[in-house]
Amino acid sequence: MKEKLEQIRREAEERLKAQNVDLEELRIRFLGKKGELTSVLRGMGALTPEERPVIGQMANEVRAYIEKAIAEKGEELKKELLKSKLKKERLDVTMPGNAPKVGKRHPLAKVEMEMWDIFLGMGFDIAEGPEVEYDYYRFQALNIPENHPARDTQDTFYVTPKILLRSQTSPVQARVMEKQKPPIRIISPGRVYRSDEVDATHSPMFHQLEGLVVDKGITMGDLKGTLELFAQKMFGEKTRIRFRPHHFPFTEPSAEVDVSCFVCGGKGCRVCKGEGWIEILGAGMVHPNVLRNCGIDPDVYSGFAFGMGIERIVMCKYGIDDMRLLYENDVRFLEQF
Ligand code: DAH
(Lines give C-alpha, C1' and ligand atoms only; values in the text may rest on other atoms or scores of the structure.)
Protein backbone atom coordinates (compact mmCIF):
# COMPACT_ATOMS: atom_id res chain seq x y z
CA MET A 1 0.00 0.00 0.00
CA LYS A 2 2.84 2.25 0.84
CA GLU A 3 4.23 1.66 -2.62
CA LYS A 4 0.87 2.34 -4.18
CA LEU A 5 0.66 5.70 -2.40
CA GLU A 6 4.21 6.55 -3.43
CA GLN A 7 3.34 5.66 -6.99
CA ILE A 8 0.25 7.90 -6.95
CA ARG A 9 2.30 10.79 -5.70
CA ARG A 10 5.00 10.29 -8.32
CA GLU A 11 2.48 9.92 -11.07
CA ALA A 12 0.70 13.13 -10.04
CA GLU A 13 4.02 14.92 -9.90
CA GLU A 14 4.91 13.64 -13.34
CA ARG A 15 1.54 14.64 -14.79
CA LEU A 16 1.72 18.16 -13.42
CA LYS A 17 4.97 18.81 -15.26
CA ALA A 18 3.29 18.46 -18.64
CA GLN A 19 2.75 21.64 -20.66
CA ASN A 20 -1.00 21.58 -21.06
CA VAL A 21 -2.40 19.56 -18.23
CA ASP A 22 -6.08 19.42 -17.58
CA LEU A 23 -6.09 20.21 -13.88
CA GLU A 24 -9.72 19.29 -13.39
CA GLU A 25 -9.19 15.89 -14.95
CA LEU A 26 -6.20 15.36 -12.76
CA ARG A 27 -8.13 16.30 -9.65
CA ILE A 28 -10.90 13.84 -10.44
CA ARG A 29 -8.47 11.10 -11.31
CA PHE A 30 -6.43 11.32 -8.12
CA LEU A 31 -8.64 12.97 -5.52
CA GLY A 32 -12.21 12.35 -6.74
CA LYS A 33 -14.71 10.00 -5.15
CA LYS A 34 -13.80 7.31 -7.61
CA GLY A 35 -10.21 8.46 -7.76
CA GLU A 36 -7.07 6.48 -7.12
CA LEU A 37 -6.41 7.79 -3.64
CA THR A 38 -9.94 7.00 -2.52
CA SER A 39 -9.69 3.46 -3.79
CA VAL A 40 -6.49 2.98 -1.78
CA LEU A 41 -8.20 4.29 1.34
CA ARG A 42 -11.08 1.94 0.74
CA GLY A 43 -8.69 -0.98 0.97
CA MET A 44 -7.55 0.11 4.46
CA GLY A 45 -9.99 -2.32 6.07
CA ALA A 46 -7.62 -5.10 5.18
CA LEU A 47 -4.75 -3.56 7.17
CA THR A 48 -3.67 -4.41 10.66
CA PRO A 49 -4.57 -1.92 13.42
CA GLU A 50 -0.87 -0.97 13.64
CA GLU A 51 -0.54 -0.26 9.95
CA ARG A 52 -3.76 1.73 9.67
CA PRO A 53 -2.70 5.04 11.26
CA VAL A 54 0.63 4.97 9.45
CA ILE A 55 -0.95 4.43 6.06
CA GLY A 56 -3.79 6.86 6.92
CA GLN A 57 -1.31 9.62 7.71
CA MET A 58 0.65 8.90 4.59
CA ALA A 59 -2.51 8.98 2.48
CA ASN A 60 -3.41 12.36 3.99
CA GLU A 61 0.03 13.70 3.18
CA VAL A 62 -0.20 12.52 -0.39
CA ARG A 63 -3.67 14.13 -0.70
CA ALA A 64 -2.41 17.40 0.76
CA TYR A 65 0.59 17.31 -1.51
CA ILE A 66 -1.48 16.74 -4.65
CA GLU A 67 -4.05 19.41 -3.68
CA LYS A 68 -1.31 21.96 -3.14
CA ALA A 69 0.49 21.03 -6.35
CA ILE A 70 -2.72 21.36 -8.38
CA ALA A 71 -3.46 24.76 -6.83
CA GLU A 72 0.05 25.99 -7.53
CA LYS A 73 -0.03 24.75 -11.08
CA GLY A 74 -3.39 26.50 -11.50
CA GLU A 75 -1.88 29.80 -10.41
CA GLU A 76 1.06 29.33 -12.69
CA LEU A 77 -1.15 28.58 -15.69
CA LYS A 78 -3.28 31.64 -14.97
CA LYS A 79 -0.21 33.84 -14.96
CA GLU A 80 1.04 32.35 -18.18
CA LEU A 81 -2.33 32.87 -19.83
CA LEU A 82 -2.35 36.51 -18.80
CA LYS A 83 1.17 36.97 -20.08
CA SER A 84 0.43 35.48 -23.47
CA LYS A 85 -2.81 37.49 -23.70
CA LEU A 86 -0.97 40.71 -22.96
CA LYS A 87 1.54 39.82 -25.61
CA LYS A 88 -1.06 38.90 -28.21
CA GLU A 89 -3.40 41.81 -27.60
CA ARG A 90 -0.78 44.49 -27.39
CA LEU A 91 -1.75 47.68 -29.18
CA ASP A 92 0.80 49.59 -31.11
CA VAL A 93 -0.33 53.12 -30.48
CA THR A 94 2.29 54.48 -32.81
CA MET A 95 0.62 52.86 -35.85
CA PRO A 96 -1.18 55.29 -38.14
CA GLY A 97 -4.96 55.10 -37.54
CA ASN A 98 -7.91 55.12 -39.89
CA ALA A 99 -8.98 58.73 -40.19
CA PRO A 100 -12.79 58.93 -39.92
CA LYS A 101 -14.45 60.50 -42.93
CA VAL A 102 -15.83 63.89 -42.06
CA GLY A 103 -19.15 64.67 -43.68
CA LYS A 104 -20.18 67.98 -45.17
CA ARG A 105 -23.37 69.83 -45.82
CA HIS A 106 -24.93 69.35 -49.21
CA PRO A 107 -24.49 72.49 -51.34
CA LEU A 108 -28.28 72.96 -51.40
CA ALA A 109 -28.47 72.89 -47.62
CA LYS A 110 -25.43 75.11 -47.36
CA VAL A 111 -26.86 77.83 -49.59
CA GLU A 112 -30.28 77.57 -48.00
CA MET A 113 -28.70 78.14 -44.60
CA GLU A 114 -26.80 81.14 -45.92
CA MET A 115 -30.15 82.50 -47.06
CA TRP A 116 -31.66 81.94 -43.64
CA ASP A 117 -28.77 83.81 -42.07
CA ILE A 118 -29.16 86.78 -44.37
CA PHE A 119 -32.91 87.11 -43.86
CA LEU A 120 -32.90 86.30 -40.15
CA GLY A 121 -30.35 89.10 -39.85
CA MET A 122 -32.91 91.45 -41.40
CA GLY A 123 -35.53 90.43 -38.84
CA PHE A 124 -37.42 87.79 -40.83
CA ASP A 125 -38.89 84.67 -39.23
CA ILE A 126 -39.04 81.25 -40.86
CA ALA A 127 -42.50 79.91 -41.70
CA GLU A 128 -43.33 76.42 -42.89
CA GLY A 129 -46.11 75.11 -45.06
CA PRO A 130 -47.19 71.67 -46.27
CA GLU A 131 -45.83 70.11 -49.45
CA VAL A 132 -49.18 68.42 -50.02
CA GLU A 133 -51.43 71.44 -50.36
CA TYR A 134 -55.06 72.38 -50.94
CA ASP A 135 -55.73 73.90 -54.32
CA TYR A 136 -57.39 76.74 -52.40
CA TYR A 137 -54.05 77.99 -51.05
CA ARG A 138 -52.24 77.32 -54.29
CA PHE A 139 -54.77 79.10 -56.49
CA GLN A 140 -57.87 80.85 -55.13
CA ALA A 141 -56.20 82.52 -52.15
CA LEU A 142 -53.43 83.75 -54.46
CA ASN A 143 -55.82 85.48 -56.82
CA ILE A 144 -55.93 82.66 -59.36
CA PRO A 145 -59.66 81.80 -59.69
CA GLU A 146 -61.04 78.48 -61.01
CA ASN A 147 -60.81 79.21 -64.70
CA HIS A 148 -57.78 81.42 -64.74
CA PRO A 149 -55.36 80.48 -67.52
CA ALA A 150 -52.46 80.48 -65.03
CA ARG A 151 -53.76 77.13 -63.81
CA ASP A 152 -52.75 75.50 -67.05
CA THR A 153 -49.35 77.04 -67.31
CA GLN A 154 -47.90 74.91 -64.57
CA ASP A 155 -48.15 71.19 -64.79
CA THR A 156 -49.11 70.25 -61.30
CA PHE A 157 -49.19 66.83 -59.63
CA TYR A 158 -52.75 66.43 -58.35
CA VAL A 159 -53.49 64.05 -55.49
CA THR A 160 -57.25 64.63 -55.76
CA PRO A 161 -59.01 67.41 -57.72
CA LYS A 162 -58.73 69.60 -54.60
CA ILE A 163 -55.35 68.47 -53.24
CA LEU A 164 -52.00 68.76 -54.98
CA LEU A 165 -48.25 68.78 -54.49
CA ARG A 166 -47.42 72.45 -54.26
CA SER A 167 -45.69 73.74 -57.37
CA GLN A 168 -44.33 76.79 -55.56
CA THR A 169 -43.86 78.01 -51.99
CA SER A 170 -46.25 80.96 -52.50
CA PRO A 171 -49.22 79.20 -50.79
CA VAL A 172 -47.35 79.65 -47.50
CA GLN A 173 -47.97 83.41 -47.90
CA ALA A 174 -51.73 82.87 -47.67
CA ARG A 175 -51.42 80.44 -44.76
CA VAL A 176 -49.30 82.91 -42.78
CA MET A 177 -51.52 85.91 -43.52
CA GLU A 178 -54.63 83.99 -42.46
CA LYS A 179 -53.15 83.24 -39.07
CA GLN A 180 -50.99 86.23 -38.30
CA LYS A 181 -51.87 89.91 -38.44
CA PRO A 182 -49.30 92.43 -39.70
CA PRO A 183 -46.53 93.24 -39.20
CA ILE A 184 -45.47 90.09 -41.05
CA ARG A 185 -41.92 89.38 -42.09
CA ILE A 186 -41.27 85.76 -43.06
CA ILE A 187 -39.27 83.56 -45.36
CA SER A 188 -40.41 80.06 -46.19
CA PRO A 189 -37.97 77.58 -47.73
CA GLY A 190 -39.08 74.18 -48.94
CA ARG A 191 -39.62 71.61 -51.64
CA VAL A 192 -41.91 72.14 -54.60
CA TYR A 193 -43.07 69.72 -57.30
CA ARG A 194 -43.80 70.10 -60.99
CA SER A 195 -44.43 67.39 -63.55
CA ASP A 196 -41.37 68.30 -65.56
CA GLU A 197 -39.15 65.84 -67.39
CA VAL A 198 -35.71 65.52 -65.85
CA ASP A 199 -32.96 67.32 -67.75
CA ALA A 200 -29.98 69.57 -67.00
CA THR A 201 -32.23 72.42 -65.81
CA HIS A 202 -35.46 70.67 -64.79
CA SER A 203 -36.45 68.32 -62.03
CA PRO A 204 -39.91 67.23 -60.83
CA MET A 205 -38.80 68.25 -57.34
CA PHE A 206 -36.77 71.28 -56.42
CA HIS A 207 -36.49 73.91 -53.70
CA GLN A 208 -37.74 77.45 -53.41
CA LEU A 209 -37.48 80.19 -50.86
CA GLU A 210 -40.47 82.47 -50.48
CA GLY A 211 -40.46 85.86 -48.78
CA LEU A 212 -43.33 88.00 -47.53
CA VAL A 213 -43.49 91.34 -45.76
CA VAL A 214 -46.79 93.01 -44.84
CA ASP A 215 -47.16 96.15 -42.74
CA LYS A 216 -48.41 99.71 -42.93
CA GLY A 217 -46.63 101.77 -45.56
CA ILE A 218 -44.57 99.01 -47.22
CA THR A 219 -43.43 100.16 -50.68
CA MET A 220 -41.57 98.87 -53.68
CA GLY A 221 -38.55 100.74 -52.28
CA ASP A 222 -38.57 98.33 -49.32
CA LEU A 223 -38.67 95.39 -51.72
CA LYS A 224 -35.76 96.78 -53.69
CA GLY A 225 -33.66 97.54 -50.63
CA THR A 226 -34.29 94.11 -49.16
CA LEU A 227 -33.39 92.25 -52.34
CA GLU A 228 -30.35 94.41 -52.98
CA LEU A 229 -28.97 93.67 -49.52
CA PHE A 230 -29.73 89.98 -50.02
CA ALA A 231 -27.95 89.92 -53.39
CA GLN A 232 -24.89 91.67 -52.00
CA LYS A 233 -24.61 89.32 -49.05
CA MET A 234 -25.18 86.29 -51.26
CA PHE A 235 -23.08 87.17 -54.29
CA GLY A 236 -20.68 89.87 -53.15
CA GLU A 237 -20.77 93.54 -52.20
CA LYS A 238 -20.47 94.88 -55.72
CA THR A 239 -23.60 93.08 -56.91
CA ARG A 240 -26.34 95.25 -58.39
CA ILE A 241 -29.93 94.23 -59.02
CA ARG A 242 -32.32 95.03 -61.85
CA PHE A 243 -36.11 94.82 -61.99
CA ARG A 244 -37.85 93.83 -65.21
CA PRO A 245 -41.64 94.20 -65.45
CA HIS A 246 -43.43 90.87 -65.39
CA HIS A 247 -46.78 89.38 -64.46
CA PHE A 248 -47.70 87.22 -61.49
CA PRO A 249 -51.37 86.92 -60.47
CA PHE A 250 -50.57 87.42 -56.78
CA THR A 251 -48.52 90.60 -57.11
CA GLU A 252 -49.16 93.97 -58.69
CA PRO A 253 -46.91 95.39 -59.94
CA SER A 254 -44.74 92.33 -60.52
CA ALA A 255 -41.14 92.00 -61.60
CA GLU A 256 -38.48 89.54 -62.46
CA VAL A 257 -35.26 90.37 -60.69
CA ASP A 258 -31.75 89.93 -62.07
CA VAL A 259 -28.40 90.27 -60.33
CA SER A 260 -25.31 91.60 -62.06
CA CYS A 261 -23.10 88.66 -62.96
CA PHE A 262 -20.84 87.96 -60.00
CA VAL A 263 -18.27 86.28 -62.24
CA CYS A 264 -17.68 89.01 -64.84
CA GLY A 265 -19.26 91.91 -62.98
CA GLY A 266 -21.63 92.60 -65.90
CA LYS A 267 -19.34 92.46 -68.90
CA GLY A 268 -20.72 89.16 -70.14
CA CYS A 269 -19.23 85.71 -69.70
CA ARG A 270 -20.00 82.01 -69.83
CA VAL A 271 -21.90 81.99 -66.51
CA CYS A 272 -24.28 84.83 -67.50
CA LYS A 273 -24.31 83.63 -71.12
CA GLY A 274 -22.96 86.96 -72.30
CA GLU A 275 -25.84 88.92 -70.73
CA GLY A 276 -24.04 90.48 -67.77
CA TRP A 277 -27.18 89.73 -65.72
CA ILE A 278 -28.56 86.57 -64.14
CA GLU A 279 -32.25 86.18 -63.36
CA ILE A 280 -32.70 84.90 -59.82
CA LEU A 281 -36.26 85.52 -58.66
CA GLY A 282 -39.81 86.77 -59.10
CA ALA A 283 -41.23 89.47 -56.87
CA GLY A 284 -43.80 92.22 -56.53
CA MET A 285 -46.22 94.09 -54.31
CA VAL A 286 -48.80 91.74 -52.79
CA HIS A 287 -52.03 92.05 -54.82
CA PRO A 288 -54.86 93.72 -52.85
CA ASN A 289 -57.08 90.71 -53.63
CA VAL A 290 -54.61 88.39 -51.93
CA LEU A 291 -54.54 90.57 -48.82
CA ARG A 292 -58.34 90.70 -48.84
CA ASN A 293 -58.64 86.91 -49.31
CA CYS A 294 -56.57 86.48 -46.18
CA GLY A 295 -58.52 88.97 -44.07
CA ILE A 296 -56.08 91.87 -44.28
CA ASP A 297 -57.43 95.30 -45.29
CA PRO A 298 -55.49 96.50 -48.37
CA ASP A 299 -56.48 100.10 -47.59
CA VAL A 300 -54.54 99.92 -44.34
CA TYR A 301 -51.75 97.49 -45.17
CA SER A 302 -49.48 96.79 -48.09
CA GLY A 303 -46.75 94.27 -48.66
CA PHE A 304 -44.17 92.75 -50.93
CA ALA A 305 -43.35 89.16 -51.78
CA PHE A 306 -40.65 87.28 -53.64
CA GLY A 307 -39.80 83.73 -54.55
CA MET A 308 -36.59 82.16 -55.77
CA GLY A 309 -35.34 78.74 -56.78
CA ILE A 310 -32.58 77.54 -54.49
CA GLU A 311 -31.11 75.11 -57.06
CA ARG A 312 -30.75 77.95 -59.50
CA ILE A 313 -28.80 80.04 -57.01
CA VAL A 314 -26.58 77.10 -56.05
CA MET A 315 -25.86 76.41 -59.73
CA CYS A 316 -25.01 80.05 -60.43
CA LYS A 317 -22.90 80.43 -57.33
CA TYR A 318 -20.82 77.31 -57.94
CA GLY A 319 -20.88 77.23 -61.74
CA ILE A 320 -22.76 73.90 -61.88
CA ASP A 321 -24.24 73.32 -65.31
CA ASP A 322 -26.33 70.21 -64.67
CA MET A 323 -28.98 70.17 -61.95
CA ARG A 324 -28.98 66.37 -61.79
CA LEU A 325 -25.57 66.47 -60.11
CA LEU A 326 -27.29 67.92 -57.04
CA TYR A 327 -29.48 64.85 -56.59
CA GLU A 328 -27.14 61.99 -57.51
CA ASN A 329 -25.34 62.07 -54.17
CA ASP A 330 -22.00 61.24 -55.69
CA VAL A 331 -19.56 61.99 -52.89
CA ARG A 332 -16.81 62.88 -55.39
CA PHE A 333 -19.01 65.72 -56.61
CA LEU A 334 -20.38 66.79 -53.24
CA GLU A 335 -16.96 66.86 -51.60
CA GLN A 336 -16.01 69.92 -53.57
CA PHE A 337 -18.25 72.37 -51.77
N1 DAH B 1 -44.04 81.62 -57.20
C2 DAH B 1 -43.28 82.15 -58.32
C3 DAH B 1 -42.71 81.02 -59.15
O4 DAH B 1 -42.71 79.89 -58.70
C5 DAH B 1 -42.19 83.03 -57.81
C6 DAH B 1 -42.73 84.28 -57.20
C7 DAH B 1 -42.97 85.39 -57.95
C8 DAH B 1 -43.02 84.31 -55.84
C9 DAH B 1 -43.47 86.53 -57.39
C10 DAH B 1 -43.51 85.47 -55.27
C11 DAH B 1 -43.72 86.58 -56.07
O12 DAH B 1 -43.79 85.57 -53.98
O13 DAH B 1 -44.22 87.70 -55.49
O14 DAH B 1 -42.29 81.24 -60.23
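In listed order, ligands and their atoms are each counted from 1. These numbers come from a predicted model, not from an experiment.
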Between R138 and S167, is a side chain to side chain donor-acceptor pair (under 3.5 Å) present by the stated rule, with each step listed? CA-CA 8 Å; R138 171 63 187 86; S167 50; 2.8 Å; yes

Taking the six-membered ring for Trp, are F119 and F306 closer than 6.0 Å centroid to centroid? yes

Do any nitrogen or oxygen atoms of S167 lie less than 3.5 angstrom from nitrogen or oxygen atoms of ligand 1? no

Considering distance alone, does some N or O of G282 sit under 3.5 Å from an N or O of ligand 1? no

Would you check whether F250 reaches within less than 4.0 Å of ligand 1, judged by its heavy atoms? yes

Can Y327 be reached from L325 by stepping across I, L, V, M, F, W or Y side chains whose heavy atoms are under 4.5 Å apart? yes

Only heavy atoms count here, so choose which of T169, L223, T251 is nearest to atom 13 (O) of ligand 1. T251

Show me, pair by pair, the donor-acceptor contacts under 3.5 angstrom made by side chains of residues 273-290, not counting sequence neighbours?
residue: H287; atom: ND1; partner: N289; partner atom: N; Å: 3.0
residue: N289; atom: OD1; partner: R292; partner atom: NH1; Å: 2.9
residue: N289; atom: ND2; partner: N143; partner atom: OD1; Å: 3.1

Could you see which bit of A283 sits under 4.0 Å from ligand 1, with heavy atoms only: side chain, backbone, both or neither? backbone

Do F230 and I186 share a hydrophobic cluster, counting only Ile, Leu, Val, Met, Phe, Trp and Tyr and linking them when any side-chain heavy atoms are less than 4.5 Å apart? no

Hydrophobic cluster identity match, Y301 and I184, side-chain contacts under 4.5 Å: yes

Atoms of ligand 1, numbered as shown, that sit under 4.0 Å from any heavy atom of S170: 1 (N), 8 (C)

Which atoms from ligand 1 have a heavy atom of A305 less than 4.0 Å away? 12 (O), 13 (O)

Any heavy atom of Q208 sitting closer than 4.0 Å to ligand 1? yes

The single option from K162, R166, R175 that satisfies salt bridge (Lys or Arg N to Asp or Glu O under 4.0 Å) with E133 is R175

Counting only heavy atoms, tell me which of H247, Q173, H246, R194 gets closest to atom 14 (O) of ligand 1. R194

Below 30° counts as parallel, above 60° as perpendicular, anything between as tilted: where do the rings of F250 and F248 land? parallel

I'd like to check which ligand 1 atoms, numbered from 1 as shown, lie under 4.0 Å from a non-hydrogen atom of F248. 7 (C), 9 (C)

With atom 12 (O) of ligand 1 as the reference point, say which of E256, M308, E210 has the nearest heavy atom. E210

